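Since the structure is predicted, the reported quantities are computational estimates derived from the model, not experimental observations. Heavy-atom basis, side chains included; hydrogens, waters and symmetry copies ignored.
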Amino acid sequence: MNEEQLSKRLEKVASYITNNERIADIGSDHAYLPCFAIKNKMASFAVAGEVVEGPFKSAQKQVASIGLTSQIDVRKGNGLEVITAADAIDTIVIAGMGGTLIRTILEEGVAKLTNVTKLILQPNIAAFQLREWSEKNNWTITSEAILREDNKIYEIIVLQPSKESVEWTAQEIFFGPCLLKEQSAIFKSKWRHEANTWQNIIQTISNNQPISDENQAKIHELKHKIALVEDVLK
């Protein structure tokens, strides 16, 4: 992977940057995504944020090596603190982290979202956390994608601020409103696998008698999740 050829996952993320946007890529690693977006005129300016020294230096080197230092500013900092009002960022990308961590970044950096018009989020796990956040903060989900790469399944969620209150059903938060409507083959494969995994965990817990109150609660939670999946896939 490089600035010319992104991974399948990042290429899909980049596809939602569409109109010479001013972007911030949080957790940018080698800054491949902002480099790709600038070179392909998807973005006109980018901040590449990194909190870890090694990836920060790698991103600086990458941007300098292809002569994009005037359009991509690589900054070291935690989450959205790398963004300033002068950047006039309209699109924020956060990809390749857990949903809980992405949610924390958004919550801690909420003051930086005032003029942002699009969030492109790619959680590796716990995508429901971001849908819950969107509901509580009035960001509507305008698009979702699910894809398989290197035997892993990834979800992408695109959000825009809403002037009206946002409400999702329990199913929509769990599965994703757009993904739920589409129900692609990958979607069905993911949730069948998850349900089978949860059933195996229930069996393992049940084989260890006596079952503690904590494990009883865990079984109840997993059975609820399995029922949600069965109801959607029936």
Side-chain angles (χ1 to χ4, degrees), residues 9-28 33-34 36-38 40-49 51 71-73 75 77-147 154-182:
R9 171 182 64 91
L10 284 184
E11 188 173 6
K12 185 63 177 176
V13 169
S15 74
Y16 294 103
I17 307 168
T18 56
N19 190 28
N20 268 334
E21 296 162 19
R22 296 178 67 85
I23 69 172
D25 183 28
I26 306 303
S28 196
L33 186 143
F36 179 88
I38 294 290
N40 289 280
K41 303 189 185 306
M42 298 166 160
S44 59
F45 171 78
V47 171
V51 71
Q71 289 175 277
I72 302 175
D73 197 351
R75 300 174 188 169
N78 187 30
L80 303 188
E81 71 178 24
V82 298
I83 303 171
T84 69
D87 297 325
I89 297 298
D90 48 47
T91 298
I92 293 176
V93 178
I94 313 178
M97 306 179 196
T100 303
L101 177 55
I102 294 175
R103 180 174 181 164
T104 298
I105 289 171
L106 293 173
E107 288 174 342
E108 291 180 349
V110 66
K112 305 281 188 172
L113 301 178
T114 304
N115 297 312
V116 173
T117 57
K118 187 189 300 180
L119 298 173
I120 307 170
L121 311 175
Q122 183 270 295
N124 289 344
I125 57 171
F128 74 91
Q129 289 276 1
L130 304 180
R131 300 186 189 105
E132 284 183 350
W133 179 88
S134 77
E135 184 178 54
K136 290 180 180 178
N137 293 274
N138 290 334
W139 285 74
T140 193
I141 297 171
T142 58
S143 187
E144 291 179 300
I146 187 166
L147 58 94
Y154 299 100
E155 294 180 32
I156 300 166
I157 305 171
V158 183
L159 303 171
Q160 291 183 342
S162 175
K163 293 180 181 179
E164 301 176 355
S165 62
V166 174
E167 293 183 11
W168 306 119
T169 66
Q171 274 192 347
E172 287 172 331
I173 286 175
F174 198 66
F175 299 101
C178 304
L179 300 180
L180 195 56
K181 288 178 183 177
E182 187 179 290

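Contact check for Ile141 versus Ile157: side-chain heavy atoms found under the 4.5 Å cut-off. Side chains of Met42 and Phe36 form a contact here, defined as non-hydrogen atoms less than 4.5 Å apart. No side-chain heavy atom of Leu121 sits under 4.5 Å from any side-chain heavy atom of Ile92. By the 4.5 Å heavy-atom criterion applied to side chains, Thr18 and Lys118 are counted as neighbours. In this structure, the side chains of Asn20 and Lys41 come closer than 4.5 Å at one or more pairs of heavy atoms.
Among residues at least two apart or in separate chains, salt bridge (Lys or Arg N to Asp or Glu O under 4.0 Å) pairs with a member in residues 137-147 are Arg131-Glu144.
In this structure, Arg75 CZ and Ile26 CD1 are separated by 9.5 Å, a value rounded to the nearest 0.5 Å. Expressed to the nearest 0.5 Å, how far OH of Tyr16 lies from OG1 of Thr91 amounts to 13.5 Å. Ser162 contributes atom OG, which lies 12.0 Å from atom CG of Asn137 (distance to the nearest 0.5 angstrom).
Proximity of a side-chain donor or acceptor of Asn124 to a complementary backbone N or O of Gly96 within less than 3.5 Å is detected. Panel note: side chain Asp90, backbone Arg22; a donor-acceptor pair is recorded below 3.5 Å. Using modelled atom types, no side-chain atom of Glu182 and backbone atom of Leu179 make a donor-acceptor pair closer than 3.5 Å.
Asp87 and Lys112 are not joined by a salt bridge, as no carboxylate oxygen comes within less than 4.0 angstrom of a charged side-chain nitrogen.
For the residue pair Asp73/Gln71, the side-chain donor-acceptor check at 3.5 Å is not satisfied.
By the 6.0 Å contact criterion, CG on Asn115 is open, its count of non-hydrogen atoms from other residues, nucleotides or ligands being 12 or less.
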